[in-house]
Amino acid sequence: MTRRFTALAALALVCAAVEVVAGRGMSPGVVWDVLNGGGDATERHIVFQLRLPRLLVALGAGACLAVAGLVLQSALRNPLAGPEVTGVTPGAVLGAVTATALGLAGWDAPLAVVLAACAGGCAGAALLWLLAGRGRGDPAQTAVHGVLVSAVLGGLTAMVLLVEPGELGSVVQWLVGTTEGRVWEHWHLLWPWALVWGVAAWLLAGPLTLLRCGDDIALAAGLSAHRARTLALLCAVALTAGAVAAVGALGFIGLLVPHLAVAVFGADLRRSLPGAALTGAVVVCGADAAAQLSSRLLATALDSGRLTLPVGALTACLGAALLLLVVRRTPSRTF
């Protein structure tokens, strides 16, 4: 197990190094020179004020989404549960987009975006909780209601776009997910939030393990399934809202990374939760590096200096393919 964590940490360092040098405008040699104390003021600004915070935000957001997904899948006992299909991510996106359309928040006001996304994520989770009604203890019913809530919240986001068509660019950024333009302020808001709720998720490892075994076993062990599931959902909402406030809705990270973490680190949540955080960080960081490299290649091929491929588009395409593979290989899998 130690070797697996070490190997994954080494992979994270490799992905981080690639992402730092993958951006356009500066060659890898110039970036290396800046990191060694050289370079002019503009080059140092690009590396230390743009690329490094973007890297850290990608790592933190990936960790948040992966842990939130594993918490949701464990609490709901559904391998296809995730922030994207339980109303949490669409609610957070709706909150951020609405606040932006009203002029209360924006990419240049990270704190306001965090608050708006958290409020939207909590509203989405509350709506799911109300619709589930007496069936809250049924994981299947909760997941189905989550899909319905996500569809409703997505429709409301589209209505915001109709009312404020000038916000098209902002809405697309929130819906697709991007790490471009992230600065140190975003990171300073994200890491304490991720740390607090990540620790809270790890402390819930024992109750979540019992919930994965079923409510009857949890009750026999003296655990209040309703209370434990409520705390788990609150933790997942907070982690998702923090990630969405930082990078938007990165598709499939919270849905598929938990499967990778459980496959690599086992079913013991005391190990798989930290493993999911590290795996999610590696996946988002690697995807962001790949998106930047692809942007450079496409810009050169199409002779377009402004072409940018958002990382969310890449994770959505790859995630959809992996999801089809998971469903086909384990069509009846449940927790």
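Just so you know, these numbers come straight off a predicted model, no measurement behind them. Values below: every heavy atom of this structure, side chains too, minus hydrogens, waters and symmetry copies.
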**Prompt:** For V282 and A12, which heavy atoms make the closest approach, and how far apart are they?
**Reply:** CG2-CB, 3.5 Å

**Prompt:** Stepwise, does the side-chain contact (heavy atoms from CB on, under 4.5 Å) test hold for T178 with V247?
**Reply:** CA-CA 5 Å; T178 179; V247 299; over 6 Å; no

**Request:** Not counting sequence neighbours, list each pair that qualifies as a side chain to side chain donor-acceptor pair (under 3.5 Å) and has a residue in residues 274-290.
**Result:** R54-D288, T179-D288

**Message:** Working note: S74 + L211, criterion side-chain contact (heavy atoms from CB on, under 4.5 Å); need CA distance, chi angles, decisive distance, verdict.
**Reply:** CA-CA 7 Å; S74 301; L211 289 178; over 6 Å; no

**Fill in**
In this structure, CG of L8 is separated from CG of L13 (nearest 0.5 Å) by 10.5 Å

**Message:** How close do C285 and L55 get, counting heavy atoms only, and between which atoms?
**Reply:** SG-CD1, 3.5 Å

**Asked** When you measure from the side chain of W197 to the backbone N and O of V237, does any donor-acceptor pair fall under 3.5 Å?
**Response** no

**Message:** Walk me through whether L255 and Q73 qualify under side-chain contact (heavy atoms from CB on, under 4.5 Å).
**Reply:** CA-CA 8 Å; L255 186 61; Q73 291 175 8; 4.2 Å; yes

**Prompt:** Same cluster or not: are L278 and V264 linked, directly or through other Ile, Leu, Val, Met, Phe, Trp or Tyr residues, by side-chain heavy atoms under 4.5 angstrom apart?
**Reply:** yes

**Request:** Search all heavy atoms of L208 against all heavy atoms of A201 and return the closest pair with its distance.
**Result:** CD1-O, 4.4 Å

**Message:** Between S295 and L309 (side chain of the first, backbone of the second, donor and acceptor by atom type, cut-off under 3.5 Å), is there such a pair?
**Reply:** yes

**Request:** Is it possible for you to say whether V30 and I46 belong to one hydrophobic cluster, with membership spreading through side-chain heavy-atom contacts below 4.5 Å?
**Result:** yes

**Flag if over 12 foreign heavy atoms under 6.0 Å of CZ, R270** = no

**Item:** Rounded distance (nearest 0.5 Å) linking atom CG of L204 with atom CG of L269
**Value:** 10.0 Å

**Asked** When hydrophobic residues are tied together by side-chain contacts of less than 4.5 Å, even through go-betweens, does W191 share a cluster with V199?
**Response** yes

**Message:** For the CG atom of L234 and the OG1 atom of T230, what is their distance to the nearest 0.5 Å?
**Reply:** 9.0 Å

**Prompt:** Does a side-chain heavy-atom distance below 4.5 Å link V283 with T315?
**Reply:** no

**Asked** For A92 and A241, which heavy atoms make the closest approach, and how far apart are they?
**Response** CB-CA, 4.3 Å

**Item:** Sequence-distant partners of D33, salt bridge (Lys or Arg N to Asp or Glu O under 4.0 Å), two or more places apart
**Value:** none

**W184 atom CH2, over 12 foreign heavy atoms within 6.0 Å** = yes

**Request:** Keeping the roles fixed (side chain from Q292, backbone from A289), state whether a donor-acceptor pair exists under 3.5 Å.
**Result:** no

**Message:** Has H188 got a side-chain atom pairing as donor or acceptor with E185's backbone, closer than 3.5 angstrom?
**Reply:** no

**Message:** Once rounded to the nearest 0.5 Å, what's the spacing between atom CG of L35 and atom CZ of F48?
**Reply:** 5.5 Å

**Message:** I'd like to check L65 versus L239 (side-chain heavy atoms, cut-off strictly below 4.5 Å). Are they in contact?
**Reply:** no

**Message:** Restricting to non-hydrogen atoms, name the atom on G242 and the atom on L190 that form the minimum distance, rounded to 0.1 Å.
**Reply:** O-CD1, 3.7 Å

**Prompt:** Could you go step by step and tell me if V71 and L273 meet the side-chain contact (heavy atoms from CB on, under 4.5 Å) rule?
**Reply:** CA-CA 8 Å; V71 169; L273 280 171; 4.1 Å; yes

**Item:** Shortest non-hydrogen contact between G87 and L153, atoms and distance
**Value:** O-CD1, 3.4 Å

**Prompt:** Rounded to the nearest 0.5 Å, how far does CG of L94 lie from OG1 of T89?
**Reply:** 12.5 Å

**L314 vs S294 side-chain heavy atoms within contact, under 4.5 Å** = no

**Item:** Heavy-atom check, side chain of L148 versus side chain of L131, under 4.5 Å
**Value:** no

**Prompt:** With hydrophobic residues grouped by side-chain heavy-atom distances under 4.5 Å, do L156 and V149 end up in a single group?
**Reply:** yes

**Request:** Check whether any side-chain heavy atom of L76 sits under 4.5 Å from a side-chain heavy atom of R229, and report yes or no.
**Result:** yes

**Asked** When rounded to the nearest 0.5 angstrom, what is the spacing between CZ in R182 and CG in L52?
**Response** 15.5 Å

**Item:** Cluster check M159, L127: I/L/V/M/F/W/Y, side chain < 4.5 angstrom
**Value:** yes

